[in-house]
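Have a look at the structure below before the remarks.
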Amino acid sequence: MKSKKQKPDFLHLGIKLLHWFETNARNLPWRKTNDPYKIWICEILLQQTQVKQGLNHYLKFVERFPNVESLAAADEDEVLLYWKGLGYYSRALNLHKASKQICNDFKGKFPENYADILSLKGVGKYTAAAIASIAFNLKYPAIDGNFYRVLSRLFADDFDVSKPSAFQYFSELALLLMPDDHFGDFNEAMMDLGAEICKPKNPACEHCPFNIDCLAFNSGKISNFPVKSKKTKVTDLDLTYFFINFEDQFLVKRRKEDFIWKKLYEFAIEIPPEFEKYIIGHNVISHKLTHKNLKISINNVQILDFALFQKFALENDFEMVDFKRSRLKSFPKPLQNYLAKIEKKEDFQGELFN
DNA sequence: AAGCCGGGGCA
DNA sequence: TGCCCAGGCTT
């Protein structure tokens, strides 16, 4: 008989996590439902997005699109509108595609096994595991940034989470902890622990159910984990727009380029030389993205002749909108901010609506 | 395996 | 300023 165990009692840790979750679960709207559709929506929405940031969008999205049929029947443009301001807009485009996929390939019934869920556009290994476990109680660990952080700290494990193989590595580790039931609760518990206790910075170790087990905490090396070799590279990007308006109407067009903001609305990116005399000022907006520092120059072009304004719009495939109607279109965040500002006539270089 | 996609929050 | 987040897709 061994006097001391060399390895941690993995299953004991998993059960302890479930107990912690019983009294510490966050009260979130999508946890009141067993509807796989709504669980799917929330999992996609919360990719790289924090709860506080996405909660309102979730509520409005499922109110407008309460089921797969309503989402599949909607215009792509309207689906994008309900994603306005969230970022990673391909998520919305993929949601829309996948809803048609469910209607066509699965007869409108949400797929109930891991492989079929994984086949949905925009659903990867993490999201498939989350849906399978939460909606159908299947035993798949939903390996994400929380799992990486919690497990690497718990075992003071220096496996590089930047490597693609980290997914497989931490999946196997998570399976050792995973109890034989309540798989969805287990995954949600890990999410909550990662979000509220085992945070990236300033973790609340004094409130952590694992604080007597955590090798990183007990060796004073929490900040050493997780190990991540890949660093964020930031590049500069300059954009120039022409905000062309006649009285309270202005010109917008859907983006075709997909290097950023695919299919969102923007202003004109060029004007004919004869329009240059109508430029009455310009604004510069700085906007930070994860991988880019944007500098957006917006020239304000005021057209006084409606016939000229309309002719240019028609010949160049622009839409004429006013502020009220522009709210029904999805603009990139900086342009959305710009419209909000000039509607209130703040910081606007040039005359508008005079 | 590496690069890319948004935006908000934090130290 | 750099890095974090309930990642996935493309190359």
Side-chain angles (χ1 to χ4, degrees), chain A residues 25-26 28 30-31 38-58 80 83-95 97-98 117-134 140-150 160-168 170 184 186-196 198-203 223 225-237 255 257-264 286-294 296 330-337:
Chain A
R26 287 178 289 180
L28 302 171
W30 46 86
R31 289 186 176 169
K38 289 182 179 171
I39 292 167
W40 169 51
I41 300 298
C42 104
E43 288 304 332
I44 298 296
L45 191 144
L46 291 171
Q47 289 170 4
Q48 303 298 87
T49 304
Q50 299 186 342
V51 168
K52 185 172 62 178
Q53 191 185 346
L55 182 57
N56 254 347
H57 281 83
Y58 169 80
L80 272 177
W83 215 259
K84 178 154 70 172
L86 270 180
Y88 284 125
Y89 298 95
S90 63
R91 291 182 294 173
L93 301 175
N94 285 336
L95 269 181
K97 286 179 194 164
I117 297 169
L118 185 60
S119 75
L120 298 175
K121 191 79 174 164
V123 174
K125 288 178 292 185
Y126 160 76
T127 306
I131 297 171
S133 64
I134 296 170
Y140 292 93
I143 304 302
D144 67 340
N146 289 311
F147 271 81
Y148 288 163
R149 194 167 57 255
V150 173
D160 184 354
V161 300
S162 303
K163 296 162 75 82
S165 54
F167 182 87
Q168 180 65 24
F170 285 100
F186 176 80
N187 284 330
E188 290 187 313
M190 197 67 90
M191 297 169 192
D192 281 12
L193 188 71
E196 304 212 307
C198 198
K199 298 177 289 184
K201 288 170 184 171
N202 299 330
S223 62
F225 302 96
V227 172
K228 187 167 189 171
S229 63
K230 201 165 64 180
K231 302 300 179 190
T232 309
K233 278 186 182 173
V234 178
T235 57
D236 292 332
L237 177 64
R255 278 188 69 82
E257 294 82 358
D258 64 351
F259 72 91
I260 192 174
W261 300 329
K262 185 179 185 179
K263 296 193 177 181
L264 268 58
S286 292
H287 192 81
K288 238 172 74 76
L289 301 180
T290 299
H291 301 281
K292 289 185 176 65
N293 287 324
L294 303 185
I296 306 174
S330 193
F331 287 91
K333 196 66 181 178
L335 299 190
Q336 195 180 315
N337 293 343

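Residue numbers start from 1 in every chain, and the chains themselves are labelled A, B, ... in the order their sequence lines are given, proteins ahead of strands. These values consider heavy atoms only, across backbone and side chains, with no hydrogens, waters or symmetry-generated copies. The structure presented is a predicted model; accordingly, all values stated were derived computationally and were not measured.
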task: Compare every heavy atom of A:Lys121 with every heavy atom of A:Ala98, then report the nearest pair and how far apart it is.
output: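 Distance-wise, the nearest heavy atoms are CB-O, 3.6 Å.
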
Could you give the [atom1]-to-[atom2] distance, from [X] to [N], as a whole number of Å?
| X | N | atom1 | atom2 | value |
| --- | --- | --- | --- | --- |
| A:Met191 | C:dA6 | CE | C1' | 5 Å |
| A:Glu196 | C:dA6 | CD | P | 11 Å |
| A:Asp236 | C:dT1 | CG | C1' | 13 Å |
| A:Asn293 | C:dC3 | CG | C1' | 14 Å |
| A:Trp40 | C:dA6 | CH2 | C1' | 16 Å |
| A:Leu118 | C:dG8 | CG | P | 9 Å |

- request: State, yes or no, whether a side-chain contact exists between A:Arg255 and A:Ile260 at a heavy-atom distance under 4.5 Å.
  value: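 SC-SC contact between A:Arg255 and A:Ile260 confirmed.
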
- request: Pick base, sugar-phosphate or nothing for A:Trp30, based on heavy-atom distances below 4.0 Å to the nucleic acid.
  value: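 Base contact.
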
task: Identify whether any heavy atom of A:Ala195 sits under 4.0 Å from a base atom; if not, whether one sits that close to sugar-phosphate; answer base, sugar-phosphate or nothing.
output: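 Touches sugar-phosphate only.
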
message: Under the rule for side-chain contact (heavy atoms from CB on, under 4.5 Å), what residues qualify as partners of A:His57, not counting sequence neighbours?
response: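 Result, side-chain contact (heavy atoms from CB on, under 4.5 Å) vs A:His57: A:Leu45, A:Leu86.
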
Any residue meeting side-chain contact (heavy atoms from CB on, under 4.5 Å) with A:Lys288, in chain and number order, not counting sequence neighbours: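 Checked A:Lys288 against side-chain contact (heavy atoms from CB on, under 4.5 Å); matches are A:Asn293.
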
message: So if I define the base as every atom that isn't primed, P, OP1 or OP2, how would nucleotides 3-11 of chain B read as a B/S/- string at a heavy-atom cutoff under 4.0 Å?
response: --BBBS-BS

message: Restricting to side-chain hydrogen bond (donor to acceptor under 3.5 Å, both in side chains), what partner residues turn up for A:Lys125, sequence neighbours left out?
response: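 Listed in chain order: nothing, the list is empty.
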
Using nucleotides 9-11 of chain C, report all nitrogen or oxygen pairs with the protein that are shorter than 3.5 Å.
from  : atom 1 : to       : atom 2 : distance (Å)
C:dC9 : OP1    : A:Gly122 : N      : 2.7

- prompt: For A:Phe170, which residues count as a ring-ring contact (aromatic ring centres under 6.0 Å, His included) partner, sequence neighbours excluded?
  reply: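 Scan of A:Phe170 (ring-ring contact (aromatic ring centres under 6.0 Å, His included), adjacent residues dropped) gives A:Tyr148.
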
